[in-house]
Amino acid sequence: MTKILYLLSALFFANLVYGQDYPKTLLWRVTKKGNKNESYLFGTFHEVSPTFFNSLSNAVDKLHKSDVLFVEESISNTKQSTVQEESAWNFEKWKAIIAKEQEDIFHEYVEKIADTTIYARNPLSLLIGISRYYMTTFCESDTSLADLMDTHIQKLALKEDKQVHSLDINQDVMINSIHKTFSKQLDSNYAFNCIRGMKSTLDSNLSACELMNTYRTLNFNYELDTDIKQGADNTLLLTDRNNKWTTILDKAFLSGNCFVAVGIRHLCYKQGLVQQLRRIGYEVTPIPPRL
């Protein structure tokens with residue numbers, strides 16, 4: 001009998017852990033004792049078609065009922081961005097960090113997409129662009145709406161005259177700052193991943209679409225009890241921004257009903273928004289994304 005109870009207890013605990021990391025949702029309710037406001041976190045996948053967000057009736061309803069929307073960078077900020085890379089790249093710089101066979105892949109990729117301007121992009125900036133092109137070209141079958149999911153959510157809010165606030169001031173500045181600070185350590189790694197992404201695109205290799213499929217089927221692993229992998233890019237792109245955003249959102253949640261739409265990785269790990277908000281007294285609960 002004792003053994004059976006132990007096994008049942010262990011199974012129950014395992015289900016709790018699994019349920020926390022795999023809550024089968026992208027939507028989280030945020031409340032705090034003594035405060036009447038009710039806010040929501042929604043994890044976006046930038047390259048997934050806006051029609052997918054439209055299908056999440058509960059998420060759409062919570063956006064509709066919110067007072068204000070917070071996003072990584074608002075449309076108005078993006079339009080105002082005229083920042084240029086501080087040290088323009090060229091193919092000679094690329095040749096210094098990639099092998100001859102990688103050069104051939106690079107040239108073939110440029111010919112395929114017919115855009116020679118990518119030679120002037122630094123490795124981090126180019127990696128982001130390649131990943132986005134790959135995802136929208138091979139992993140996303142619905143191309144009926146051209147907007148990124150985040151942009152679509154903003155437009156829905158603006159249509160209802162909601163306030164839209166940026167959590168980041170300017171993402172171009174942020175990316176260039178990261179590259180400038182850590183280029184010596186990371187350029188080779190970013191370049192390697194750029195070439196790998198180019199090769200996947202040229203070969204129409206769909207293996208990297210698994211993450212998007214996991215997102216769409218709500219099987220995303222939040223790894224809430226796991227520390228984020230250490231690295232300069234994770235620190236600056238995720239942890240540092242999460243720390244800053246938590247301070248901003250703490251004040252906002254206490255003053256109104258907010259809907260926060262940010263890349264889903266910002267909700268993950270011990271350093272993510274879910275766990276950070278819990279540590280400062282909020283109850284953050286996963287709820288179904290569909291009514």
Side-chain angles (χ1 to χ4, degrees), residues 15-32 35-72 140 142 145 147-160 162-165 167 211-225 238 241-242 245-246 248-250 252-254 256-291:
N15 284 336
L16 281 178
V17 173
Y18 183 83
Q20 170 160 290
D21 285 344
Y22 295 87
K24 297 287 289 184
T25 190
L26 309 170
L27 184 65
W28 301 71
R29 179 188 290 116
V30 182
T31 56
K32 195 168 193 177
N35 186 274
K36 65 180 181 179
N37 298 321
E38 192 171 272
S39 295
Y40 294 87
L41 300 176
F42 179 80
T44 67
F45 197 122
H46 306 313
E47 294 80 18
V48 170
S49 170
T51 57
F52 176 73
F53 179 78
N54 292 344
S55 76
L56 304 177
S57 53
N58 200 22
V60 173
D61 178 68
K62 301 311 181 191
L63 172 63
H64 172 70
K65 292 178 179 177
S66 67
D67 301 318
V68 60
L69 170 66
F70 280 89
V71 292
E72 294 182 34
E140 179 51 71
D142 182 2
L145 292 174
D147 287 333
L148 296 177
M149 180 187 289
D150 308 63
T151 305
H152 175 69
I153 292 172
Q154 290 185 61
K155 288 182 177 179
L156 290 178
L158 291 170
K159 188 178 292 186
E160 297 181 353
K162 296 184 187 298
Q163 296 180 49
V164 177
H165 296 307
L167 290 165
L211 180 60
M212 184 179 282
N213 295 335
T214 298
Y215 176 88
R216 282 181 165 281
T217 55
L218 308 180
N219 285 317
F220 197 86
N221 181 2
Y222 285 87
E223 301 183 76
L224 293 176
D225 291 321
L238 292 176
R241 293 164 77 203
N242 290 344
W245 296 355
T246 299
I248 295 171
L249 295 175
D250 181 26
F253 291 162
L254 295 177
N257 301 311
C258 307
F259 192 94
V260 182
V262 295
I264 194 164
R265 286 192 69 206
H266 288 285
L267 308 187
C268 299
Y269 312 111
K270 289 181 179 179
Q271 294 78 13
L273 295 180
V274 170
Q275 295 291 58
Q276 289 214 39
L277 289 168
R278 285 173 172 172
R279 285 194 289 271
I280 60 174
Y282 286 92
E283 183 175 346
V284 187
T285 311
I287 62 171
R290 295 184 173 94
L291 293 170

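FYI, side chains are in, hydrogens and waters are out, and symmetry mates aren't considered; it's all heavy atoms of this structure.
- Of the residues Ile153, Leu69, Leu63, the one that meets the side-chain contact (heavy atoms from CB on, under 4.5 Å) test with Phe42 is Ile153.
- In terms of modelled atom types and a separation under 3.5 Å, the side chain of Asp147 and the main chain of His152 share no donor-acceptor contact.
- Taking both residues in full, the closest heavy atoms of Pro286 and Thr25 are given as CB-CG2, 3.6 Å, listed atom of the first, atom of the second, then distance.
- Proximity of Gln276 to Ile280: side-chain heavy atoms (C-beta onward) are nowhere separated by under 4.5 Å.
- With contacts defined as side-chain heavy-atom distances shorter than 4.5 Å, the pair Leu211/Phe220 qualifies.
- Pairing each heavy atom of Leu254 with each of Asn37, the nearest pair is O-ND2, 3.1 Å.
- Annotation for Cys258 and Ser39: closest pair N-OG, 2.9 Å, computed over non-hydrogen atoms.
- The OH atom of Tyr40 lies 9.5 Å from the OG1 atom of Thr285; values are rounded to the nearest 0.5 Å.
- Using a distance-only test at 3.5 Å, with no hydrogens or angles considered, a donor-acceptor pair links the side chain of Ser57 to the main chain of Leu291.
- Although no hydrogens or angles enter the test, the distance criterion places a donor-acceptor pair under 3.5 Å between the side chain of Tyr215 and the main chain of Gly43.
- For residues 276-291, there are no salt bridge (charged side-chain N to carboxylate O under 4.0 Å, His left out) pairs, not counting sequence neighbours.
- Distance CZ/Arg216 to CZ/Phe52: 6.0 Å, rounded to 0.5 Å.
- Annotation: side chain of His165 is in contact with side chain of Val68 (closest heavy-atom distance under 4.5 Å).
- By the 4.5 Å heavy-atom criterion applied to side chains, Thr214 and Asn221 are not counted as neighbours.
- Proximity of Val260 to Val30: side-chain heavy atoms (C-beta onward) are nowhere separated by under 4.5 Å.
- By the 4.5 Å heavy-atom criterion applied to side chains, Leu56 and Leu27 are not counted as neighbours.
- Remark: Asp150 CG to Lys155 NZ distance equals 12.5 Å, nearest 0.5 Å.
- Between the side chain of Tyr282 and the main chain of Asp250, a donor-acceptor pair closer than 3.5 Å is present.
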Legend entry - Trace of the side chain to side chain contact (heavy atoms under 4.5 Å, CB included) decision for Asn54 with Leu156: CA-CA 10 Å; Asn54 292 344; Leu156 290 178; 4.2 Å; yes
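- Contact record, Leu148 with Glu47: CD2-CA, 4.3 Å, taken as the closest heavy-atom pair.
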Inset, instruction - Step by step, work out the side chain to side chain contact (heavy atoms under 4.5 Å, CB included) result for Val48 and Met212. - result: CA-CA 7 Å; Val48 170; Met212 184 179 282; 3.7 Å; yes
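- At a threshold of 4.5 Å between non-hydrogen side-chain atoms, the residues Phe253 and Lys32 do not count as touching.
- A distance of 9.0 Å separates OG1 of Thr31 from CG of Asn35, quoted to the nearest 0.5 Å.
- With hydrogens and angles ignored, the 3.5 Å screen pairs no side-chain donor or acceptor of Lys65 with any backbone N or O of Asn257.
- A salt bridge links Arg241 to Glu72: one of the charged nitrogens lies within less than 4.0 Å of a carboxylate oxygen.
- Closest heavy-atom contact between Ala157 and Val164: CB-CG2, 4.1 Å.
- A salt bridge is absent between Glu223 and Arg265; no separation between the charged side-chain nitrogens and carboxylate oxygens falls under 4.0 Å.
- The minimum heavy-atom distance linking Asp225 with Lys270 is given by the pair O-CE, 3.1 Å.
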Legend entry - Stepwise side chain to side chain contact (heavy atoms under 4.5 Å, CB included) test for Val262 and Leu267: CA-CA 8 Å; Val262 295; Leu267 308 187; 4.2 Å; yes
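- Between the side chain of Lys162 and the backbone N or O of Gln154, no donor-acceptor pair lies under 3.5 Å.
- The line from CG of Asn58 to NZ of Lys62 is 4.5 Å long, rounded to the nearest 0.5 Å.
- Between Arg29 atom CZ and Leu41 atom CG the span is 12.0 Å, to the nearest 0.5 Å.
- In this structure, Val274 and Val284 have side chains that are in contact, with non-hydrogen atoms separated by less than 4.5 Å.
- For an aromatic pair to be called close, the ring centres must be under 6.0 Å apart, and Tyr222 with Trp28 satisfies this.
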